[in-house]
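Beneath this line is the structure, given in structure tokens, with notes to follow.
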Amino acid sequence: MPNSNIQLDDNGRLRHFLSIEGLDQAILTEILDTAGSFTSVADRTIKKVPILRGKTVANLFFEASTRTRSTFELAEQRLSADILSLNVDTSATVKGESLLDTLQNLEAMQIDMFVIRHQDSGSAHFFAQHVRPGVSVLNAGDGQHEHPTQAMLDMYTIRHYKRDFSGLRVAIVGDILHSRVARSQIHALNLLNTAEVRVIAPRTLMPVAVESLGVSIYDDLEKGLADVDVVIMLRLQRERMRGALLPSEKEYFRKFGLSQERLQRASPDAIVMHPGPANRGVEIESSVMDGKQSVILQQVSFGISVRMAVMSMIVGQSGLSSGPQPGGDA
Ligand code: NCD
């Protein structure tokens with residue numbers, strides 16, 4: 001993977017947001033704190049601050065997305081950006097234009113920030129290496145590599161409910177092998193000094209040498225859930241699977257599905273998270289998804305503030321206190 005330090009400028013400030021790997025604890029904490037200052041914007045009658053006024057953001061989604069795309073767009077709107085959302089299904093890329101040509105044509109339209117989701121690992125780094133000085137790239141998910149804003153909204157959610165990472169046991173359950181979300185989460189949890197990060201998956205869905213990322217490995221859900229404070233469930237990413245890695249969905253649920261009964265192995269006040277899209281009855285029982293320990297919809301709401309935070313840090317603003325006063329764009 002290309003050098004992650006391309007993310008920082010000469011003063012160590014965020015220029016691009018491509019991967020959690022390559023960042024440090026101070027930047028992650030600054031994102032969480034900055035996001036905290038933006039949560040109040042959602043409660044105002046006029047949900048806008050002028051931090052990106054006069055800037056143009058292009059959202060390039062080469063893969064399907066519901067939550068990520070809409071919360072990026074809302075975050076941009078609440079920061080008063082001008083927005084261009086490219087429908088890639090109908091764009092020239094399907095006519096054979098290369099990614100670099102697409103980028104250069106968009107740059108000719110004076111875009112200041114690109115948000116990109118692409119099926120190839122490394123595509124966001126590729127973009128960042130080719131944009132003009134002063135233009136920024138945010139990774140909204142690249143292949144099986146990383147999904148850093150998702151990991152940060154997950155960290156925000158965990159901090160919101162659990163306060164301090166240093167005493168926490170966190171379990172990530174499911175298709176770790178194909179999950180860019182899991183990879184970003186593992187890096188973030190470790191940078192924030194989480195006491196223990198467990199990954200729980202069938203052997204066929206566990207990446208080779210995953211322990212080198214600083215996690216403990218379980219192939220038994222019930223053992224892995226014992227006394228954890230946070231349970232993060234992941235979808236089976238069938239579109240990325242080559243060959244038969246799994247028995248039936250029924251069999252998968254029987255062994256790795258999160259049921260009410262199994263959740264009782266976790267700490268009584270454990271929270272249940274899922275980045276979405278979730279498949280009820282496959283990796284998670286419907287009653288757990290809608291149950292009182294689930295914070296899955298809160299994750300979606302926090303996604304807006306966290307994405308506002310990252311974009312505002314990229315333009316040199318750390319939240320509302322140091323930025324232009326709220327309401328300026330009203
Ligand atoms: C994930 C993704 O696209 O990486 N979803 C998301 O962005 N919220 C996870 C998935 O597709 O399973």
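First listed ligand is number 1; within each ligand, the first listed atom is number 1.
Here Q150 has side-chain heavy atoms under 4.0 Å from ligand 1, and that is the only part of it that gets that close. For L234, no heavy-atom contact with ligand 1 is shorter than 4.0 Å.
By the 3.5 Å distance cut-off applied to N or O atoms, P275 is counted among the residues near ligand 1.
When each of D229, D269, D154 is paired with K162, the salt bridge (Lys or Arg N to Asp or Glu O under 4.0 Å) condition holds for D269 and for no other.
Between the choices R67, R238, H147, the shortest heavy-atom distance to atom 7 (O) of ligand 1 belongs to H147.
Of the charged side-chain nitrogens involved, none lies within less than 4.0 Å of a carboxylate oxygen, so that D10 and R15 do not count as a salt-bridged pair. Contact check on D227 versus R198 returns no salt bridge, with no Lys/Arg side-chain nitrogen under 4.0 Å from an Asp/Glu carboxylate oxygen.
The closest protein non-hydrogen atom to atom 11 (O) of ligand 1 is R235 NH2, 2.8 Å. For atom 3 (O) of ligand 1, the nearest non-hydrogen atom of the protein is R180 NH2, 2.9 Å.
The backbone N or O of I27 lies less than 3.5 Å from a partner atom in the side chain of D24, making a donor-acceptor pair.
Ligand-side atoms of ligand 1 in range of T68: 6 (C), 7 (O), 8 (N), range being under 4.0 angstrom from any heavy atom.
Looking at residues two or more places apart in sequence or on another chain, you find a side chain to side chain contact (heavy atoms under 4.5 Å, CB included) between S248 and K250, E251.
At least one heavy atom of G276 sits less than 4.0 Å from an atom of ligand 1. Judged by the shortest distance from any of its heavy atoms, R117 lies inside the 4.0 Å radius around the atoms of ligand 1.
Geometric assessment of R117 against the ring of F61 yields a negative cation-pi assignment under the 6.0 Å and 45° thresholds.
One finds the CZ atom of R235 at 11.0 Å from the NE2 atom of H178 (value rounded to the nearest 0.5 Å).
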